[in-house]
Amino acid sequence: MNPMKTAAGTAARPAPAAGPAGSDLLRTALRTDSWSTAAFGVVMLAGGKPLSDPLGLPMTWSVPFGIAMLGGAAALALIAGYPRVPTGPATAVVVGNALSCVAMLLLTFSGLIPLTGLGTAFMVIGAVVVAVFADLQYMGLRRHLRTGPDPAALAPS
């Protein structure tokens with residue numbers, strides 16, 4: 001392999017490959033978000049009653065959160081499963097995760113839910129995790145948009 005040389009004579013980094021490589025971060029972030037969201041949803045549904053006292057999160061909150069999480073996990077898996085990740089839904093995921101992070105923090109510190117100290121930590125950690133996913137998905141979406149369409153995804157079957 002003969003690397004390209006710059007004007008200064010140093011090896012130049014090759015340009016990123018177009019196509020699926022540009023979607024790898026986005027697809028991986030969506031899939032990982034899907035699995036972790038599903039796991040969190042199951043914890044909220046199955047562990048809602050035993051976690052209610054230590055966290056201060058009433059069942060009337062944990063059950064709807066758990067159901068919403070399972071629905072969100074299914075949507076994330078669907079979006080990640082396309083041959084080329086669709087830009088519109090991927091953008092909606094980034095925005096949705098950013099808004100979820102803010103909503104979790106507002107809910108945590110508003111006093112609307114009588115959270116314990118452990119419950120506050122649980123919600124803040126959840127908000128941080130959601131923010132990290134939003135950031136990774138945003139970076140992946142930017143790469144995805146820069147690489148242009150994947151020729152294999154556009155070819156007729």
Side-chain angles (χ1 to χ4, degrees), residues 13 15-150 152-154:
R13 176 179 286 166
S23 300
D24 286 348
L25 176 60
L26 178 58
R27 189 177 311 279
T28 299
L30 288 167
R31 284 184 177 151
T32 306
D33 191 1
S34 173
W35 282 104
S36 66
T37 300
F40 186 67
V42 168
V43 166
M44 295 304 288
L45 288 173
K49 188 164 179 73
L51 291 174
S52 181
D53 286 338
L55 298 179
L57 185 65
M59 288 286 292
T60 55
W61 285 88
S62 63
V63 170
F65 280 168
I67 291 169
M69 300 254 105
L70 292 177
L76 289 164
L78 180 67
I79 295 166
Y82 278 94
R84 173 150 172 89
V85 177
T87 303
T91 302
V93 169
V94 172
V95 171
N97 274 342
L99 291 174
S100 292
C101 172
V102 171
M104 288 174 73
L105 292 173
L106 288 173
L107 198 55
T108 299
F109 296 108
S110 69
L112 188 61
I113 300 175
L115 296 171
T116 63
L118 185 60
T120 299
F122 181 76
M123 292 288 280
V124 169
I125 290 168
V128 169
V129 168
V130 171
V132 168
F133 277 122
D135 188 48
L136 288 171
Q137 290 157 350
Y138 175 72
M139 289 188 306
L141 183 60
R142 288 185 56 199
R143 286 184 192 174
H144 179 73
L145 293 171
R146 273 194 305 244
T147 59
D150 177 8
L154 298 176

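What you see is a predicted model; the values in this text were computed from it and never measured.
- In terms of modelled atom types and a separation under 3.5 Å, the side chain of H144 and the main chain of V85 share a donor-acceptor contact.
- T91 contributes atom OG1, which lies 6.5 Å from atom CG of L145 (distance to the nearest 0.5 angstrom).
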Chi angles and distances behind the side-chain contact (heavy atoms from CB on, under 4.5 Å) call for L30, Q137: CA-CA 7 Å; L30 288 167; Q137 290 157 350; 3.9 Å; yes
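- Residue L141 comes nearest to A90 through the heavy atom pair CD1-CB, 3.9 Å, listed as atom of the first residue, atom of the second, then distance.
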Worked verdict on W61 versus L107 for side-chain contact (heavy atoms from CB on, under 4.5 Å): CA-CA 11 Å; W61 285 88; L107 198 55; 3.8 Å; yes
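- Counting only heavy atoms from C-beta outward, the side chains of F122 and T108 never approach each other to under 4.5 Å.
- Scanning both residues, G140 and L25, for their nearest heavy atoms gives N-CD2, 3.6 Å.
- Counting heavy atoms from C-beta outward, V124 and F109 have side chains that approach closer than 4.5 Å.
- Across P54 and P50, no two heavy atoms sit closer than the pair CD-O, 3.3 Å.
- Interatomic distance, L70 CG to F40 CZ, rounded to the nearest 0.5 Å: 11.0 Å.
- In plain terms, the two heavy atoms of S36 and F133 that are nearest each other are OG-CE1, 3.3 Å.
- Shortest non-hydrogen contact noted between G48 and M59 is C-SD, 3.1 Å.
- R31 contributes no side-chain N or O that, together with a main-chain N or O of G81, makes up a donor-acceptor pair within less than 3.5 Å.
- At a threshold of 4.5 Å between non-hydrogen side-chain atoms, the residues T32 and L136 do not count as touching.
- Summarising the local packing, CZ of F65 is surrounded by more than 12 heavy atoms from other residues, nucleotides or ligands at distances under 6.0 Å.
- The two atoms that bring A131 and C101 nearest to each other are CB-SG, 3.8 Å, heavy atoms only.
- When atom types are taken as modelled, the side chain of R27 and the backbone of Y82 share a donor-acceptor pair closer than 3.5 angstrom.
- With contacts defined as side-chain heavy-atom distances shorter than 4.5 Å, the pair L57/M44 qualifies.
- Between the side chains of T37 and D33, at least one donor-acceptor pair of N or O atoms lies under 3.5 Å.
- To the nearest 0.5 Å, atom CG of residue L26 and atom OG1 of residue T147 are 10.0 Å apart.
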